[in-house]
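Remember, predicted model here, so these are calculated numbers, not experimental data. Throughout, a chain's letter reflects where its sequence line sits, starting with A, and its residues are numbered from 1.
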Protein chains: 2
Amino acid sequence: MINAIGRDIPEELLVNGKRVYQGKNALDGTYVQRVAPQTRRAERPVESKICTNIREACERCGAHDGMTVSFHHAFRNGDYTASMVMKILVEEMGLKDITIAATSLGDAHDLIAEYIEQGKVIGIQTSGIRGRVGETVSSGKLKSPAILRSHGGRPRAIQAGEVHIDIAFLAAASSDECGNASGMGGKSNCGSLGYAIGDSQAADHVVIITDTLVNFPNIPSSIACEDVDAVCVVDAIGDPAKIASKELRFTQDPRELMMAEAVADVIAATPYFVDGFSFQTGAGGPSLAANHFIEAHMRERGIHMGFALGGITGAVCSLQQKGLIDKLVDVQSFDLTAIKDLGENPNHVEISASQYANPANKGAYVNKLDFVVLGALEVDTDFNVNVVTGSDGILRGAPGGHPDTAAASKCSIVVTPLTRGRMPTVCEHVVTVTTPGDCVDVLVTEYGIAVNPRRSDIAKCLDESGIKHVDIEELKNRAYELVGRPDDLEWEDQVVAMVEARDGSLLDIVRKIKPLVL
Amino acid sequence: MINAIGRDIPEELLVNGKRVYQGKNALDGTYVQRVAPQTRRAERPVESKICTNIREACERCGAHDGMTVSFHHAFRNGDYTASMVMKILVEEMGLKDITIAATSLGDAHDLIAEYIEQGKVIGIQTSGIRGRVGETVSSGKLKSPAILRSHGGRPRAIQAGEVHIDIAFLAAASSDECGNASGMGGKSNCGSLGYAIGDSQAADHVVIITDTLVNFPNIPSSIACEDVDAVCVVDAIGDPAKIASKELRFTQDPRELMMAEAVADVIAATPYFVDGFSFQTGAGGPSLAANHFIEAHMRERGIHMGFALGGITGAVCSLQQKGLIDKLVDVQSFDLTAIKDLGENPNHVEISASQYANPANKGAYVNKLDFVVLGALEVDTDFNVNVVTGSDGILRGAPGGHPDTAAASKCSIVVTPLTRGRMPTVCEHVVTVTTPGDCVDVLVTEYGIAVNPRRSDIAKCLDESGIKHVDIEELKNRAYELVGRPDDLEWEDQVVAMVEARDGSLLDIVRKIKPLVL
């Protein structure tokens, strides 16, 4: 069935009430019956929930073949916990047919790729899918199609009962013996536990994995002991130094700086750039650098930001320290500076992924967002964005908060170089749609700016401010002139991944690429 | 059917899976399937959820005949909100057959008694039931028996689907336009919103009633905007000066001081009185005064308290300021000093009623409690306690956290004068059992101390410390000598209230008293 963005979704995937994408906000105002976990009563007091090892915790929580387990990715590439737990489940306990519902998977999870190959892991539900896991899923070795969701789509799916987590294994920088757990106060602080909070409330069983045990009660905590079945103390849960990937450093690339300046100029030209505005940037070079140029516009106008949202970086903390931002609203602390700030600054507050971006709650923070600046692997002439498959068709990205912030913000700006290597970034049809074109307002490249025709109001603002912009076709043509029109990818029939829109409908699918040599 | 404490529960009440009380911790370790609300998706961004008045909010949330509404009692006798909302529902909107599931009802709610008499309010579920509401229910004018629950039993019942809240009307000292709401930061601060938090997560619809609107985002907040449908701004939500009832003043009564000293001596004689111990007091005179005498024992031993739990008072805040307590864990701020402290002191932390005392979660704070000191209206020779019906059989009390803390703490101490006026407090059979005798360890009166025979370990400790104690029969006999054996109350058949044990089973019933002259 062809969906609202023209993608053909195989009928066999449209089961159990699954629908195809019908456009932005198609479900707004309708009601959803949420589900809740089945949990074990702890009426009789126990002094401690500490298990001598992870295996004991798994047994206490009824780990079994065919179960779904969850992990969070606050440690990003420095995560030790998911692999540590999976190794015990598969190698020590001999469990099989496991589905992993992680908030993101990446380079820290090569071992999981191995278990996919062995057929022990049969399902993957995630936002990010990178590294060997992405390659393995792309090669068709996972028994069922992976399900890719945005950060807001995941808590929506959990609350709607589309994901049922049997055991959530949640890394926490500190915990007491009863499971009051935090991303702070330990030897491996990761900052916000925004992605873990919802899992702690929704999973049948919750195991806290920590390397720093503190006195009861460990409060304020992000995860409450009332939701925790077991606590395991391990040597190390992750490496905070690997939370910030290289993209988080401030760019010195003149092309990226030029784009960042153009982004700031676009923002300053809109009617939303007034005192108290709100803002989110992604983690890419030009997105991050946009903070710097926006600061100049804010000082010129004498305005300040009401709140900055999302993955919080040291760059944003620095703007707040200068008195330019009231509140930092943190679903994920993106670097060591942000982590430290969360622990010290009362105006830097953690929120859950559901609070952040869930489209089925009663109003997420993204709904109050004026501007978001986002990256892209590809953008097509319908303004559809791909952030999940590479130009080779292989899974190597993450929807993350991209579709959520793009859909809900008043002005969403995608910034990307026109070409990468020999590949055009602006193209006729993206390989995979992860954010629909009706959610993307402005595209900024080093060769020019294009405004989505749906947003003639923004085009008019740019005209009034003397900011040049062109038809996106021109940008695509220019890209093709520079690097040539890419050959079409060739696919096999097998669907290896489904891209869910944030409302749970099917936005796109990813098929097995042909030929794929690992 | 006769339950584990010998009370006869009429068979007609044992429907829909309702069971009779089978003893402490009968359900421990079993699983419960929780329920979740049906909620309205707010996918399309809106700037504000503010309604021009409460009626508009009610209409937006689908207020209808036969619905269940909820309120919290953080303002205690100073609450304006429940009556304000009920007046609109009944008098402006003409709604009927309403069930009120409040966390407590008292002297501020005479209007609700009026609506019970009119037959507009047909169900009451509450902890506290006092004043005209108590008299009206006792007189048999409510269409169905009232359901009385402990503070831990209420969130348990909500999570189990035994209470389904259509609309929660939650007073908040401050809120932003999207419903991030707090008990602090306004002109009528009530401190902890511990009782409101669970309702905000469990009700189909949530309306925040505030008198102080602040900028978005109002964070940190106790109630998250993702759970809120509508926000109403009114002139005043309550009178914080009426939060502290007269019982919260430090007693000067020599009899009460003597009992308080005995309580502290008992505590100091047990093996739980070690560095890092935990403690909760009720709001009665001798309970509160016990703080003073415990301080002396702590200083003598050179130990400090790990955490103080429950309704937090200025007396407890003062102990913390002296360095004698690590953390204050606050489900309800009991006076203006405690309210102010919650806003300023990072080691004074709000928790929800479920975190506090829910016996069906994975471990409530009460489970970590060493000592609790509680009051009583009556105690019988089986150590059963009544805190809900007066000696005249009329509803005028509140189980509150009494049954929860008594059941879960390592040492529960009930302190009460042996007689009140012409009535014996220690008696053969309490009028109504609200806390079962197997949960009460020690009884302290001005005429002596009795230890529950189930706790021979504690009796031995008292013996070793030279603290005299007697058989509870002796105390009862002494009381009867002083004021005579009271006549049996005479009842009609009609059941006017059911007392639920914290696990949801039926502990006792209250019948209509005969004759009752209002």
Cut-off 4.5 Å, heavy atoms of chain A, and the answer for B:Glu350 is neither
Any ion pair linking B:Lys24 and A:Glu43 (charged N to carboxylate O, less than 4.0 Å)?
no
Just wondering, do A:Arg34 and B:Gln201 contact through their side chains at under 4.5 Å, heavy atoms?
no
Considering only heavy atoms, which portion of B:Val32 lies under 4.5 Å from any heavy atom of chain A: side chain, backbone, both, or neither?
both
Hey, can you tell me if A:Tyr365 and B:Phe216 have their rings parallel, tilted or perpendicular (30° and 60° cut-offs)?
tilted
Would you mind telling me which of A:Asn367, A:Asn25, A:Leu27 makes a side chain to side chain contact (heavy atoms under 4.5 Å, CB included) with B:Arg44?
A:Asn25
Salt bridge (charged side-chain N to carboxylate O under 4.0 Å, His left out) pairs, two or more places apart, involving residues 352-362 of chain A:
A:Lys362-B:Asp229
Are any non-hydrogen side-chain atoms of A:Ile219 and B:Lys327 less than 4.5 angstrom apart?
yes
Sub-4.5 Å heavy-atom contacts with chain B: which residues of residues 174-182 of chain A show up?
A:Glu177, A:Cys178, A:Asn180
Side chain, backbone, both or neither: which part of B:Arg502 has a heavy atom under 4.5 Å from chain A?
side chain
Engaged part of B:His205 at the chain A interface, taking heavy atoms whose separation is under 4.5 Å
both
Winner by heavy-atom pair count (cut-off under 4.5 Å) against chain B, out of A:Gly306, A:Ala224, A:Ser354
A:Ser354
Specify which of A:Asp204, A:Val46, A:Val228 makes the most heavy-atom pairs with chain B at under 4.5 Å.
A:Val228
Report the option among A:Pro217, A:Gly152, A:Pro220 that has the most heavy-atom pairs separated by less than 4.5 Å from atoms of chain B.
A:Pro217
